[in-house]
Amino acid sequence: MILAAGTAVPAHATSTKSKINWHACEDARAVVECATIKVPLDWSHPNGQTIKIGLARRKATKPSARIGSILMDPGGPGVSGVDEVKRKPNLFTSAVSERFDVISFDPRGVNTSTPVRCATELIFQADEAKRRASRSAADFAALRRANQKLSRNCRKLTGPLYDHLDNLHVIRDIDAIRTALGEDKITQVGYSYGTLMIQQYAEKFPQHVRALAADGNVDRSLRSVWDFLDGQTAAMEKAFVQWADWCDKTSDCALYGMDAKNVYGVLRERAKSGKLVDPATGMKVDFGMLTGRAQAVSAPEYWKDLATLFKSLHDGTDSSSSSPSPTSQQPDLPETMTYPRQGMWCQDWTFEIKNYTELKSTIARLSKRYPNVEWNPNATDGALDCVGWQGKTTNPQRPLRVKDGLPLVMIGNLNDPASVYAWSKNSAKQSGASLVTYEGFGHTIYPSTVAFGPSTCINDVIDAFLIDLKTPKEGTSCPAIEVPGEGTKPTPRPASTS
């Protein structure tokens, strides 16, 4: 479903007086302003207990040309949008920053919003249990106990907010932000998990949408944890094969002439058997650690470094200029930390591996289908966070139901290892969104960071949509800018359509 190109909204066309008391942030440059608003803890009881939602703003740099506010929906789940605004003056392109007040927020449970508090020790215990869960039935049982203990502790320390973290509450908070800003219709851009906010806001509040852009989409139609794991592992396997083929053909690759796939296979089996040692530290590298390092296959500018690392592990020689000490002490950590991830994720998804037998059979199935990487560590938390979790899934996944003709654009990277391309493609099909394809790598692309761009092609297409409401044509695609082992290059051609 493609909308006709629109025209720019005149300055102040959708804005009335803001009801937010903005003030200088205590820990940011004066150009950034902060604020909080109050929202119901439970939106089904709007007159009940309230919580606070933290906000940050950079005003439009050309006030005379201001269109309104643009809200950035952060990923994670659990990323601080307030910190993003404080730390990143180029959160959007200069063209967008001129025309919009750039605003983001901390979702409920996060940072400057009323936080979810959990015991630090229990967070680390659960993380370690997830790493070990596939080793034995006893280790899987330990994961179940760790997650149970963690969720009970978070609920005890946090109170009733802990059971009201789902995305349905978050999008109601977003609409409260819109109202407080004095915007009848609002422009939003969401990244990664923040695309869930975009998608469900489009369903719930179509009358308040000016323009929505979702970059690196999660797919609400995924039926099972297998679909989730399969999609992410397929993406990593695809990137791995491209890296290995590049290594085998490129003399600058440290593994040139050694068969990169075979070298990684040797490392993988050593890691599984407990025999892989990092010569830089003298510490063992298990399968989880190895696959974590292998994620660099999704970033071509690191392909040379990755090959050098794997050769060092394979040969047992230290290729680093300075080796970190394996006995370095961890800094002192507070007794409790803000940790909303588990509660958010498990209230939004019915993803749970039921027992050790299912985990082993799932791993075996993935290993057979994707024989090089076998597993994508991006998926570990999503697959194992909810094992033994104490709570209810109040916003379970289902296909999107979005009003026809809504100004909605989705962006998908062909080689995104986290929000895989198929998810953006499926989400666009379900919602009627216009899909813009980036043919390169990385997790999300608009607006490009220094490390990955910029892709002027992507930026131009999305800027035209956000500023002038010009919806991209069907099949719009932008070329990759990454150069394996070197970094990035200027966009060689403009957007194309198929």
Side-chain angles (χ1 to χ4, degrees), residues 130-135 229-320 323-324 359-360 362-380 383 413-418 420-421 440-443 480 482-486:
K130 279 181 282 193
R131 261 192 356 104
R132 299 173 59 90
S134 64
R135 298 182 181 182
L229 291 170
D230 182 63
Q232 289 202 324
T233 310
M236 187 169 172
E237 177 82 0
K238 177 184 175 184
F240 177 91
V241 170
Q242 293 178 79
W243 166 80
D245 288 347
W246 171 83
C247 255
D248 291 343
K249 297 174 183 176
T250 306
S251 59
D252 285 347
C253 176
L255 298 179
Y256 180 68
M258 295 178 65
D259 187 342
K261 290 180 184 178
N262 182 67
V263 169
Y264 184 76
V266 170
L267 297 179
R268 186 184 64 235
E269 297 312 310
R270 285 185 194 169
K272 287 182 178 180
S273 64
K275 297 178 181 178
L276 184 61
V277 176
D278 186 343
T281 64
M283 300 177 69
K284 287 187 177 182
V285 178
D286 64 21
F287 178 62
M289 295 174 183
L290 182 67
T291 55
R293 297 181 184 188
Q295 284 183 290
V297 297
S298 299
E301 62 269 34
Y302 299 127
W303 280 4
K304 279 185 181 178
D305 294 336
L306 183 65
T308 300
L309 170 65
F310 285 166
K311 189 173 191 306
S312 172
L313 291 173
H314 182 270
D315 296 347
T317 57
D318 183 5
S319 62
S320 63
S323 301
L359 177 60
K360 290 298 289 184
T362 298
I363 291 173
R365 189 178 172 191
L366 288 170
S367 298
K368 184 176 181 179
R369 184 172 286 198
Y370 309 110
N372 291 294
V373 299
E374 297 188 354
W375 179 267
N376 185 335
N378 265 318
T380 301
N413 289 12
L414 281 181
N415 298 286
D416 191 325
V420 301
Y421 181 70
F441 293 75
H443 179 41
E482 298 89 0
V483 179
E486 297 180 17

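Owing to the predicted nature of the structure, the values given are computational and were not obtained by experimental measurement. All residue numbers in this chain count up from 1 along the given sequence.
Partners of T362 according to the side chain to side chain contact (heavy atoms under 4.5 Å, CB included) rule, which considers only residues two or more places apart in sequence or in another chain, are W226, L229, E358, L366. Residues passing the salt bridge (Lys or Arg N to Asp or Glu O under 4.0 Å) test with R369 are D230, sequence neighbours excluded. Residues that satisfy the side chain to side chain donor-acceptor pair (under 3.5 Å) test with W243, not counting sequence neighbours, are absent from this structure. With sequence neighbours left out, the salt bridge (Lys or Arg N to Asp or Glu O under 4.0 Å) criterion links D305 to no other residue. Every residue was checked against the side chain to side chain donor-acceptor pair (under 3.5 Å) condition with N413, not counting sequence neighbours, and none meets it. For K130, the side chain to side chain donor-acceptor pair (under 3.5 Å) partners two or more places apart in sequence, or in a different chain, are D127, D381, D385.
The side-chain heavy atoms of S312 and T308, taken from C-beta on, include no pair separated by under 4.5 Å. Side-chain atoms of L290 and L313, non-hydrogen and from C-beta on, do get closer than 4.5 Å to each other.
For the ring-ring contact (aromatic ring centres under 6.0 Å, His included) condition, no pair includes a residue of residues 268-294, sequence neighbours left out. Sorted by first and then second residue, the pairs that involve residues 274-287 and meet salt bridge (charged side-chain N to carboxylate O under 4.0 Å, His left out), not counting sequence neighbours, are R131-D286, R135-D286, D278-R293. Annotation: disulfide bond (SG atoms under 2.5 Å apart) contacts involving residues 254-306, sequence neighbours excluded, are absent.
Between W246 and W303, the two ring planes are tilted [angle within 30° to 60°].
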Show me the side-chain donor-acceptor pairs of residues 264-271 shorter than 3.5 Å, one per line, residues at least two apart or across chains.
unit_1	atom_1	unit_2	atom_2	d
R268	NE	E374	OE2	3.2
R268	NH1	P371	O	3.3
R268	NH1	N372	O	2.8
R270	NH1	H314	O	3.2

Show every donor-acceptor pair shorter than 3.5 Å between a side-chain atom in residues 251-262 and any protein atom, with sequence neighbours excluded, or say none if there are none.
unit_1	atom_1	unit_2	atom_2	d
D259	OD1	K261	N	3.3
D259	OD1	N262	N	3.2

